Number of protein chains: 2
Amino acid sequence: MEQTSSGDARHDPRGRRRAGNDIKAALRDLRIQLALLNHQVGGKLALKDVDLDCLDVLARSGPLTPSTLARQAGLHPATLTGILDRLERGGWITRDRARGDRRSISIRVLPDRGVEVFRLYQPMISAMDDLLDGYSEEELDVIAGFLRRSTEAGRTSTEKLAGQDS
Amino acid sequence: MEQTSSGDARHDPRGRRRAGNDIKAALRDLRIQLALLNHQVGGKLALKDVDLDCLDVLARSGPLTPSTLARQAGLHPATLTGILDRLERGGWITRDRARGDRRSISIRVLPDRGVEVFRLYQPMISAMDDLLDGYSEEELDVIAGFLRRSTEAGRTSTEKLAGQDS
DNA sequence: CTCATATAGTACGGAAATCATAATATATGG
DNA sequence: CCATATATTATGATTTCCGTACTATATGAG
């Protein structure tokens, strides 16, 4: 749907290229800035960056087992045990024995402290809402599509790197 | 253009709201995925996540002093010393005494190992190029603008959090 | 069923990273 | 020249990371 006629006379390859490079650079900046925001939020909650990352994945992808989470977060299983210990001690998660396979554990985010997190992200959420108000619904759809595709590009690229040993 | 049941034909509040929430969720996913990609890249280069972050900032924002970099990366000055030691040992950066103020140090990224990094990011760069080919120049400008504004939103939100002590 | 093997999660311990504090070197203003 | 402020690094206590080994459970073969 965002395919437009190419090879047109009005089409300036140099302009497209510049715009593309702008986007890639902007994505780099955005990644760093969001990492920094999370670092601040984590600091307020006495959580390491990686702890907050795990919490984010858990909150988003529902209950997970340690092995699944470790794989998704690119962490050593033993490292994850330490992270889960911290999160459990802080009252962020619970570890329950799974019903089917009794070796495995189901990690669940506790809702209790959700408000704290939300309050800390509130400035960013408000700023984003203000920002998004300036776009038409069509533009919003373009942006959402771009973000989803970029995430997918990131996923396949990450897997490609993880697959090869050098 | 489709009419909506509630009021304004041009602006459907429900559709906009959904699109906005989609974007915020997509941004969360994208952040995690890019962090994961960097984790993989860092792993190949024997660099911690935070080391690669610092390198990225340095490569992007030119030579910096340790104090400036520490502030920009949200790190304790002493922590940064350790990071710089690792980066220097690995041949990623040099520390030169600044000309003006002889207390301060100028950290510069060495170009030598840039190729390695580029090669590792190549899958992502190619995927992004393919992805961007599907957009018109106008759409690219919309996306670039959105990314820049989001980064700015992240910056002000981060500063807001850093400013208050609770 | 019994045994071998595989898998999930964690305990343990050495190596490394983090960060508060102190120390050093230089700058700046009176 | 002196007092104070600032940039960076050294030191050391604490925490984190992660390779290895261990326990518990699952699965498959005979």
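Lettering of chains follows the sequences in order, A, B, ..., and the numbering in each one begins at 1. Note that the coordinates shown come from a computational prediction; the quantities given were computed from them, not determined experimentally.
- Ranking C/dT18, C/dT10, C/dG9 by closeness to the A/P77 side chain, first place goes to C/dT10.
- Between B/L45 and B/W92 there is a side-chain heavy-atom pair separated by less than 4.5 Å.
- Comparing B/G100 and A/L64 by the nucleotide of DNA chain C whose heavy atom lies nearest to each, the residue mapping closer to the 5' end is A/L64.
- Rounded to whole Å, the distance from NE2 on B/H76 to C1' on D/dA13 is 14 Å.
- Put simply, CG on B/D101 is 11 Å from C1' on D/dT8, counting in whole angstrom units.
- Using a 4.5 Å heavy-atom cutoff, the side chains of A/L69 and A/I83 are not in contact.
- Straight-line distance from the NZ atom of B/K48 to the P atom of C/dA16: 10 Å, rounded to whole Å.
- What separates CD1 of A/I83 from C1' of C/dA17 is a distance of 14 Å, to the nearest Å.
- Atoms CG (B/D49) and P (C/dT18) sit 10 Å apart, rounded to a whole Å.
- Note: CD1 (B/I105) to C1' (D/dT6) measures 14 Å, nearest angstrom.
- Look at CG on A/L75: it is 15 Å from C1' on C/dG9, rounded to the nearest Å.
- Between A/R149 and B/L132, the closest side-chain pair of non-hydrogen atoms is not below 4.5 Å.
- Of the N and O atoms on the side chains of A/T158 and B/Q33, at least one donor lies less than 3.5 Å from an acceptor on the other residue.
- The distance between atom CZ of A/R97 and atom P of C/dT7, rounded to the nearest whole Å, is 19 Å.
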